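One structure is given here, and the rest of the page talks about it.
Keep in mind it's a predicted model, so treat the numbers as computed, not measured.
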Protein chains: 2
Amino acid sequence: MPRDDLPSAAEGGIPPETSDADRFTNARAIRSTALFEDYTELIADLSEEFGEARITDIARRLGVTHPTANKAVLRLKREGLVNSRPYRGVFLTEAGAAMARAVKARHRLVVRLLIAVGVPAEAAEMDAEGIEHYVSETTLRAFEAYLNSKG
Amino acid sequence: MPRDDLPSAAEGGIPPETSDADRFTNARAIRSTALFEDYTELIADLSEEFGEARITDIARRLGVTHPTANKAVLRLKREGLVNSRPYRGVFLTEAGAAMARAVKARHRLVVRLLIAVGVPAEAAEMDAEGIEHYVSETTLRAFEAYLNSKG
DNA sequence: TTTGAAATATAGCACGTGCTACATTCCCGT
DNA sequence: ACGGGAATGTAGCACGTGCTATATTTCAAA
Ligand SMILES: [Mn+2]
Ligand SMILES: [Mn+2]
Ligand SMILES: [Mn+2]
Ligand SMILES: [Mn+2]
C-alpha cells in the first residue's frame with residue numbers, strides 16, 4: 001500500500017501541462033541523437049573542405065581515436081545517414097545532408113544569439129557545441145525573431 | 001605516408017585559439033555529468049517537498065524505471081554526492097547539495113534568459129532541461145548581466 | 001614494381017544508461 | 001501481530017561510446 005505519512009507526489013498538485021518526466025524524457029531522446037548531429041555536421045564540413053571526409057580527419061576534429069570514429073560511422077551508416085566503403089571516405093546521404101544543414105543552421109543561430117545577449121565569442125562557440133542540440137524549433141524561431149528585431 | 005592528392009587538414013590554416021576538438025571534448029565531458037546534475041537537482045526538490053527523496057518518486061519524476069534510478073543512485077553514492085541505506089530514502093551530501101544549488105540556479109537563469117529573448121514559457125522550460133548543462137560560468141554571468149540590464 | 005608508413009578496420013575491454021524479470025524488505029490495515 | 005501489497009533491491013540483457021592493441025589495406029616513393 002502507498003505510504004501516507006508523507007504527502008504523495010501524485011496528489012495535491014494541479015496537473016502541469018508539461019510534466020517533469022516529459023522534460024527529462026525529451027532531453028534523453030535528444031541526447032541520443034546529438035552525436036549523430038555532430039558527425040553529420042562535421043562530415044559536411046570536411047566534404048566541403050577536402051571533397052571527402054576521411055576517418056582520420058573526423059577523429060582528429062572530434063578529439064577521439066579512429067576506432068571510435070569508425071564505429072560511429074558504422075552506426076551512421078546503419079541509420080542511413082552516410083555511405084561508405086572500406087578504406088574509402090565517408091559521404092552523407094540525402095538524409096545525412098539534410099540533418100547536417102539543419103544542425104549547421106541551428107549551430108550558427110545559437111552562436112549569434114549568445115553573442116547578441118553579450119556572451120563573449122569564445123565562450124559562445126564553446127557552449128554552443130552542446131546547447132545547439134537542445135534548441136527546439138519553437139525556440140529557434142524565437143531566436144530568429146529576436147535577432148531580426150536588433151541591429 | 002600522408003596523402004597529398006588532397007590538402008591535408010593539418011596544414012594551411014592559422015591555428016585557431018580553440019580547436020574543434022576542444023569544443024567537442026568539452027561537450028563530451030559535460031554530457032557525462034549532466035545526469036548527475038539532474039539527479040541532484042531533483043533529489044533536492046523532493047527533499048524539500050517531502051523531507052526525503054524516495055527511489056520511486058525519483059524514477060517517476062525522471063520518467064525512468066526504478067531499477068534505472070536505483071542504479072544511478074548507487075553511482076551518485078560512489079561519487080560522494082548522496083547518502084543512502086537500503087530501503088530508505090536518498091539524501092544529498094554537502095557536495096551533492098552544492099551541486100544541486102548550482103544546477104538549480106543555472107536552470108532558473110537559463111529559463112529566464114530564454115523567456116527574456118522571446119521564447120514561449122513552455123518551450124523555455126522544455127529546452128532548458130538540456131541546455132542548462134552546457135552553459136559555462138562565463139555565459140552564465142553574461143545572462144545575468146543581460147537580465148539586469150532589462151526591466 | 002616493390003615496399004613501408006599512414007590510413008583504416010577489427011577485436012575486445014570497460015563502463016554508462018536504459019530495460020524486464022524476479023527477489024527481498026517494509027509497513028499499513030486489519 | 002501478521003499478511004499482503006507497495007517499495008526497493010538485484011540479476012542480467014542490450015546497446016552506446018569511449019579506449020588500446022593488433023591486423024589489414026592502400027598508395028606514393030624509391
Ligand atoms: Mn554539437
Ligand atoms: Mn555543432
Ligand atoms: Mn537537465
Ligand atoms: Mn534542470
Of the listed nucleotides dG16(C), dT17(D), dT17(C), the one nearest the side chain of Arg31(B):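 Nearest listed nucleotide: dT17(D).
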
Spacing between [X] atom [atom1] and [N] atom [atom2], to the nearest angstrom:
X: Leu35(B); N: dG18(C); atom1: CG; atom2: C1'; answer: 11 Å
X: Glu52(A); N: dT26(D); atom1: CD; atom2: C1'; answer: 13 Å
X: Glu79(A); N: dG16(D); atom1: CD; atom2: P; answer: 8 Å
X: Ile58(B); N: dA7(D); atom1: CD1; atom2: C1'; answer: 13 Å
X: Leu76(B); N: dT17(C); atom1: CG; atom2: C1'; answer: 13 Å
X: Phe36(B); N: dC15(C); atom1: CZ; atom2: P; answer: 14 Å
X: Asn26(B); N: dG18(D); atom1: CG; atom2: P; answer: 14 Å
X: Asp57(B); N: dA7(D); atom1: CG; atom2: P; answer: 8 Å

With a non-hydrogen cut-off below 4.0 angstrom, is [X] in contact with a base, only sugar-phosphate, or nothing?
X: Arg28(A); answer: sugar-phosphate
X: Thr56(B); answer: sugar-phosphate
X: Thr68(A); answer: base

Phosphate OP1/OP2 of dT8(D) contacted by Arg54(B) side-chain N/O (<4.0 Å):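 True: Arg54(B) side-chain N/O within range (under 4.0 Å) of dT8(D) OP1/OP2.
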
Can you tabulate the close N/O pairs, meaning under 3.5 Å, that link protein atoms to atoms of nucleotides 9-11 of chain D?
from: dG9(D); atom 1: OP1; to: Tyr87(B); atom 2: N; distance (Å): 3.0
from: dG9(D); atom 1: OP2; to: Asn70(B); atom 2: ND2; distance (Å): 2.1
from: dG9(D); atom 1: O5'; to: Asn70(B); atom 2: ND2; distance (Å): 3.4

Salt-bridged, [X] to [Y], with N to O below 4.0 Å?
X: Arg75(B); Y: Glu79(B); answer: no
X: Arg54(B); Y: Asp57(B); answer: no
X: Lys104(B); Y: Glu37(B); answer: no

Minimum heavy-atom distance Ala53(A)-Leu46(A), with the two atoms named: CB-CB, 3.9 Å

Check: Arg101(A) and Glu41(A) side chains under 4.5 Å, non-hydrogen atoms: no

Donor-acceptor pair, side chain of Thr139(A) and main chain of Val119(B), under 3.5 angstrom: no

Single-linkage hydrophobic cluster Val117(A)~Leu109(A), side-chain heavy atoms < 4.5 angstrom: yes

